Amino acid sequence: MNKYLDVSPEVAQALAAGKPVVALESTIISHGMPYPQNVETALAVEAIIRENGAVPATIAIIGGRLKAGCTKEEIEYLGKTGTAVTKASRRDLAMLCARGQDGATTVTTTMIIAHMAGIRVFATGGIGGVHRGAETTMDISADLEELAHTPVMVVCAGAKSILDLGLTLEYLETHGVPVLGYGTKELPAFYTRHSGFGVDYQVDSPEELAAAFRASLELGFQGGMLVANPIPEEYSMDPKAIGAAIDEALAQAKANGIHGKETTPFLLAKVKELTGGDSLDSNIQLVFNNARLAAKTAACLAK
Ligand code: PSU
Ligand code: MN
């Protein structure tokens with residue numbers, strides 16, 4: 001086992017017994033939602049994973065230790081500290097370990113640590129991608145690179161249209177990452193079920209998802225798979241309202257010269273502000289929905 005890794009006793013036991021485990025990220029807690037909804041959601045997501053037959057492993061960096069499985073107290077701490085915790089991508093891991101510091105894991109670092117621990121399935125809300133205007137800013141999330149190199153199945157609700165969804169799909173295609181639509185042929189756009197962009201394959205059951213990922217592992221592929229699970233109809237938002245909020249958020253980011261790792265948290269916070277509580281409710285519900293699917297898929301994979 002890696003010398004910087006701490007696997008919680010419950011997660012270690014489950015993995016040793018070949019039981020299903022689902023990884024969860026912590027940037028969604030510190031940077032993705034306000035306190036206290038972030039902590040409530042994180043704990044509720046863990047409960048949903050248990051109800052669906054898997055063990056949750058919330059992942060973070062605490063005091064320079066890579067945690068696969070956080071305690072309730074650690075989740076509470078990350079949620080309360082919020083954006084004061086370092087948003088940790090691949091480039092931050094070595095520094096945080098060397099300095100014994102804390103970090104909230106993005107999709108990228110959650111995949112890295114999940115893989116180190118032997119966890120195969122990871123549930124989140126939305127992934128990072130190719131930003132609009134990337135042809136000049138070169139702002140492409142490290143999440144896409146990690147999906148290309150690390151064998152973890154990531155269940156998300158697509159990506160927010162703060163990103164260029166077409167270019168994000170192109171990038172994933174180039175890097176050999178399969179994009180599987182759950183019950184759909186279309187990439188969902190996080191708050192809404194439709195983006196107008198097609199996925200590679202439609203998959204209709206957790207069994208089928210598990211079979212696809214098992215084949216990828218058996219082929220010896222080092223990359224991951226992206227599962228795009230549309231937000232349940234009853235929680236999906238009005239595309240016009242959300243589109244207007246996203247356009248306004250992008251304009252404000254540009255006017256304020258926001259760049260680098262600040263871009264995504266800035267846009268997420270602005271969209272939330274501009275849509276009132278609506279987008280937060282939808283955000284929470286789609287994470288629950290992804291947790292259910294990830295737990296069922298992990299259970300099939302463990303069979
Ligand atoms: N997109 C969302 N919600 C999020 C994130 C992205 O809709 O919480 C977070 C995730 O942790 C993701 C990270 O891995 O932002 C991507 O950041 P960047 O674009 O800087 O790579
Ligand atoms: Mn970026």
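The structure presented is a predicted model; accordingly, all values stated were derived computationally and were not measured. All ligand and atom numbering here is 1-based and tracks the order in the structure.
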Peer 1: Between T108 and E145, is any pair of side-chain heavy atoms under 4.5 Å apart?
Peer 2: no

Peer 1: Given side chains that start at C-beta, do those of M225 and V154 come closer than 4.5 Å, heavy atoms only?
Peer 2: no

Peer 1: Does any N or O atom in S141 lie less than 3.5 angstrom from one in ligand 1, N or O only?
Peer 2: yes

Peer 1: Would you tell me whether D204 and Q202 have side-chain atoms, one donor and one acceptor, within less than 3.5 Å of each other?
Peer 2: yes

Peer 1: Quiz question: by atom type and distance under 3.5 Å, do the side chains of E25 and T124 form a donor-acceptor pair?
Peer 2: yes

Peer 1: Could you go through the side chain to side chain donor-acceptor pair (under 3.5 Å) check for H194 and E186 one step at a time?
Peer 2: CA-CA 7 Å; H194 306 287; E186 197 180 341; 2.9 Å; yes

Peer 1: Could you check if a side-chain atom of L293 sits within less than 4.5 angstrom of a side-chain atom of P206, using non-hydrogen atoms only?
Peer 2: yes

Peer 1: Are K80 and E76 ion-paired here, with the side-chain N under 4.0 Å from a carboxylate O?
Peer 2: yes

Peer 1: With a cut-off of 4.0 Å, which atoms of ligand 1 are near a heavy atom of T264?
Peer 2: 6 (C), 15 (O), 17 (O), 18 (P), 19 (O), 20 (O)

Peer 1: What is the closest protein heavy atom to atom 1 (N) of ligand 1, and at what distance does it sit?
Peer 2: G126 O, 3.6 Å

Peer 1: Using a strict cut-off of 4.0 Å, indicate which atoms of ligand 1 neighbour a heavy atom of T27.
Peer 2: 11 (O)

Peer 1: Considering non-hydrogen atoms only, spot the tightest contact between S26 and I59 and give its length.
Peer 2: OG-O, 2.6 Å

Peer 1: Atoms of ligand 1 less than 4.0 Å from H131 heavy atoms?
Peer 2: 19 (O)

Peer 1: Between S236 and T192, does any side-chain donor sit less than 3.5 Å from a side-chain acceptor?
Peer 2: no

Peer 1: Under a 4.0 angstrom heavy-atom cut-off, which atoms of ligand 1 come close to K160?
Peer 2: 2 (C), 3 (N), 7 (O)

Peer 1: Within a radius of less than 6.0 Å around CE of M1, do more than 12 heavy atoms belonging to other residues, nucleotides or ligands occur?
Peer 2: yes

Peer 1: Considering only heavy atoms, does T106 approach ligand 1 within less than 4.0 Å through its side chain, its backbone, both, or neither?
Peer 2: both

Peer 1: Please indicate whether any nitrogen or oxygen in G32 is less than 3.5 Å from any nitrogen or oxygen in ligand 1.
Peer 2: no

Peer 1: Identify which protein N/O/S atoms are less than 2.8 Å from the Mn ion (ligand 2).
Peer 2: D139 OD1

Peer 1: Specify the protein heavy atom at minimum distance from atom 16 (C) of ligand 1: its residue, its atom name, and the distance to 0.1 Å.
Peer 2: D143 OD2, 3.7 Å

Peer 1: Report yes or no: does a heavy atom of M33 sit under 4.0 Å from some atom of ligand 1?
Peer 2: no

Peer 1: Considering only non-hydrogen protein atoms, determine which one is nearest to atom 10 (C) of ligand 1 and report residue, atom name and distance to 0.1 Å.
Peer 2: E25 OE1, 3.5 Å

Peer 1: Is the closest heavy-atom distance from H31 to ligand 1 below 4.0 Å?
Peer 2: no

Peer 1: Do side-chain atoms of K261 reach the backbone of K87 as a donor and acceptor pair under 3.5 angstrom?
Peer 2: yes

Peer 1: Will you find, in the side chains of D102 and Y77, an N or O donor that is under 3.5 Å from an N or O acceptor?
Peer 2: yes

Peer 1: Can you see which heavy atom on T150 is nearest to which on M111, and at what distance?
Peer 2: O-CE, 3.4 Å

Peer 1: Classify the contact between L268 and ligand 1 as side chain, backbone, both or neither, using a heavy-atom distance cut-off of under 4.0 Å.
Peer 2: side chain

Peer 1: Which atoms of ligand 1 are found less than 4.0 Å from any heavy atom of K87?
Peer 2: 17 (O), 18 (P), 20 (O)

